[in-house]
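Notes to accompany the following structure.
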Amino acid sequence: MSSTRVLVLNSGSSSVKYQLLDMRDSSRLATGLVERIGEETSRLKHTPLTGGAERERTGPIADHEAALKAVAKELAADGLGLDSPELAAIGHRVVHGGLKFTEPTVIDDAVLAEIERLVPVAPLHNPANITGIRTARALRPDLPQVAVFDTAFHTTMPESAARYAIDVATADEHRVRRYGFHGTSHAYVSRATAKLLGKAPEDVNVIVLHLGNGASASAVRGGRCVDTSMGLTPLEGLVMGTRSGDLDPAVIFHLARVGGLSIDEIDTLLNKKSGLIGLCGDNDMREIRRRIDEGDEQARLAFDIYIHRLKKYIGGYYAVLGRVDAIAFTAGVGENAAPVREAAVAGLEELGLAVDGDLNCVRSDEPRLISPEYARVKVAVVPTDEELEIATQTYALAGKSN
């Protein structure tokens, strides 16, 4: 395939993140963000990485079509336009692929219709992804467009991990099961961790901890996911920035019956007003650590609850895997918050886990080990690269379709 560039699009409800990569060496040619789409105060921030200054403009951008046209204009100004013959494909992040999409998929009308059919199980994400796909297909109908699904990596989970213990007929009728999310990150990081250990992915068992504002854990055996913390939606699992993670389902009934909250109010509470922000009023781990250093007990409690849940998943996934070769921390908190990594592993020495204090405090953009030489289970910090993962999968598939 002579064309070597891939444009990666991540379309949110009111935003579009994008990166243009050259797959000859996986280098980035440009990155950018359009946010507040549909508002008078829309903003486009574009960073060319081939030379030239970062550009930013504000003003109304009516919809996703206008946003992508604005992106195309910025890329063209750098000689990287969407009409370039060097553009091989466009890769789209799609949050929910259900059970049908277990790998990257070239988008046609039937695929798009199936993604639409999944909207009821991903009402916050799939509609925006669909809008981005439709707009990009209209702009370049001749170009392969590939959907890379957040859920795909987790479709290898056995039924014993994916099923909830509810009536099977009801669950099947309404597609209620554990799908998992952040799969693109978990796939990339699990492979990168194996490489860091000098082993093939099929020879490594790793627990991946993707800790950002959204957070999830996965148990990966020999390169295949066998369990993950998020479920039907991204609400289940770890304590997150604004999401509660695991809780007794009867809390919802209690809040409705005793508290008089509507379903929508409970949805907002658990997804947007819980987690760290619900516990202490902050969802930025840096601010929480600053408050702890100043003696703030509410911040300390929030941190302790966050770590307690994290340890439960580390221990649980250790049991699921039976043998663990490494634990990998990734995403914003996982890559940058040394106190989180230290606290998560503290007290787990009998499981072969330990963190070297000096190595843990080193800041780097490179994958690295932070465990002492003697540790039976390696502890790693592995910066995630979901855009590169999407681009790699897109390019591999586009080559087959050309």
Side-chain angles (χ1 to χ4, degrees), residues 154 161 178 180-183 185-186 189-190 193 205-220 225-231 234-248 270 274-280 282-289 291-292 298-321 324-357 360-361 369-371 375 377-384:
H154 303 305
R178 300 182 62 249
F181 299 89
H182 295 147
S185 176
H186 286 278
V189 171
S190 60
T193 302
N205 290 356
V206 58
I207 298 171
V208 178
L209 303 172
H210 177 108
L211 308 180
N213 192 49
S216 60
S218 67
V220 182
C225 177
V226 295
D227 206 349
T228 192
S229 59
M230 286 179 167
L235 181 59
E236 188 181 357
L238 303 174
V239 174
M240 307 177 218
T242 66
R243 298 183 191 129
S244 65
D246 295 339
L247 82 166
D248 179 350
L270 298 182
S274 295
L276 292 172
I277 205 163
L279 290 168
C280 71
D282 271 309
N283 63 328
D284 187 320
M285 188 58 72
R286 293 166 297 187
E287 181 64 16
I288 291 170
R289 290 302 310 178
R291 288 171 56 184
I292 290 171
Q298 199 68 30
R300 165 57 69 182
L301 178 60
F303 182 83
D304 289 347
I305 293 170
Y306 181 95
I307 295 297
H308 179 75
R309 184 80 54 83
L310 194 53
K311 282 190 174 184
K312 285 177 68 174
Y313 270 92
I314 292 172
Y317 286 172
Y318 205 121
V320 166
L321 291 170
V324 176
D325 298 297
I327 291 180
F329 289 88
T330 194
V333 174
E335 294 170 27
N336 297 297
V340 168
R341 299 191 295 260
E342 179 182 12
V345 172
L348 303 182
E349 291 80 9
E350 290 296 320
L351 297 179
L353 287 158
V355 163
D356 180 290
N360 189 35
C361 290
L369 294 177
I370 59 171
S371 47
V377 179
K378 302 303 180 185
V379 181
V381 180
V382 180
T384 192

Practice task
Tell me, please, which residues at least two apart from His210 pass side chain to side chain donor-acceptor pair (under 3.5 Å).
Solution key: Ser185
Completion exercise
Closest non-hydrogen contact found for Val239 with Gly275 is CG1-CA, 4.0 Å
Fill in the blank from the handout: Correct closest heavy-atom pair for Gly214 and Arg243 would be CA-NH1, 3.9 Å
Practice task
Would you mind reporting whether Val377 and Tyr318 have side-chain heavy atoms less than 4.5 Å apart?
Solution key: yes
Handout entry: Test item: Leu301 and Leu279 side chains (from C-beta on) under 4.5 Å apart, heavy atoms
Key = no
Problem - Qualifying residues under ring-ring contact (aromatic ring centres under 6.0 Å, His included), relative to Phe181, sequence neighbours excluded - result: His96
Exercise for the section: Taking all non-hydrogen atoms of both residues into account, name the closest pair between Ser229 and Tyr313 and its distance. Expected result: CB-CE2, 3.5 Å
Completion exercise
Asn205 meets the side chain to side chain donor-acceptor pair (under 3.5 Å) criterion, sequence neighbours left out, with none
Exercise for the section: Indicate yes or no for a side-chain donor-acceptor contact from Thr384 to the backbone of Ala331 under 3.5 Å, with no hydrogens or angles considered. Expected result: no
Practice task
Kindly state each residue pair satisfying salt bridge (Lys or Arg N to Asp or Glu O under 4.0 Å) with at least one member in residues 334-343, sequence neighbours excluded.
Solution key: none
Problem - Phe303: partners by ring-ring contact (aromatic ring centres under 6.0 Å, His included), with sequence neighbours left out - result: none
Problem - Leu211 and Leu310, any side-chain heavy atoms less than 4.5 Å apart - result: yes
Practice task
Would you mind reporting whether Val345 and Ile327 have side-chain heavy atoms less than 4.5 Å apart?
Solution key: no
Completion exercise
In short, Cys225 meets His154 closest at the heavy-atom pair SG-ND1, 3.2 Å
Exercise for the section: Search all heavy atoms of Ala344 against all heavy atoms of Ile314 and return the closest pair with its distance. Expected result: O-CD1, 3.8 Å
Practice task
Taking side chain to side chain donor-acceptor pair (under 3.5 Å) as the test, write out the residues that go with Glu287, two or more places apart.
Solution key: Arg290
Practice task
Under the salt bridge (Lys or Arg N to Asp or Glu O under 4.0 Å) rule, collect the residues that match up with Asp284, sequence neighbours excluded.
Solution key: Arg286
Handout entry: Side chain to side chain, Ile292 and Arg289, heavy atoms closer than 4.5 Å
Key = yes
Problem - Spacing of Ser216 atom OG and Met240 atom CE [to the nearest 0.5 Å] - result: 7.5 Å
Problem - Non-neighbouring partners of Ser244 that pass side chain to side chain contact (heavy atoms under 4.5 Å, CB included), sequence neighbours left out - result: Leu235, Leu247, Leu270, Ser274
Problem - Under the side chain to side chain contact (heavy atoms under 4.5 Å, CB included) test, residues paired with Ile277 that sit two or more places apart - result: Thr242, Asn283
Completion exercise
Residue set satisfying salt bridge (Lys or Arg N to Asp or Glu O under 4.0 Å) with Arg291, at least two apart, ordered chain then number -> Asp282, Asp296
Exercise for the section: Could you tell me whether the side chain of Val340 reaches within less than 4.5 Å of the side chain of Ile307, counting heavy atoms only? Expected result: yes
Handout entry: Short side-chain to backbone donor-acceptor contact, Ser371 and Val379, under 3.5 Å
Key = yes
Exercise for the section: Please examine the side chains of Val324 and Tyr317, heavy atoms only from C-beta on, and report whether any two atoms are closer than 4.5 Å. Expected result: no
Practice task
Only pairs at least two apart or in different chains count here, so list each salt bridge (Lys or Arg N to Asp or Glu O under 4.0 Å) that has a residue in residues 308-320.
Solution key: none
Exercise for the section: Flag the pair Leu276 / Met285 as yes when at least one side-chain heavy-atom distance between them is below 4.5 Å, and no otherwise. Expected result: yes
Exercise for the section: Can you see which heavy atom on Ala217 is nearest to which on Leu238, and at what distance? Expected result: N-CD1, 4.0 Å
Problem - Qualifying residues under side chain to side chain donor-acceptor pair (under 3.5 Å), relative to Asp356, sequence neighbours excluded - result: none
Handout entry: Distance in Å, Ile207 CD1 paired with His186 NE2, rounded so as to fall on 0.5 Å steps
Key = 12.0 Å
Exercise for the section: Determine yes or no for a side-chain-to-main-chain donor-acceptor pair under 3.5 angstrom, with Asp246 supplying the side chain and Gly237 the backbone. Expected result: yes
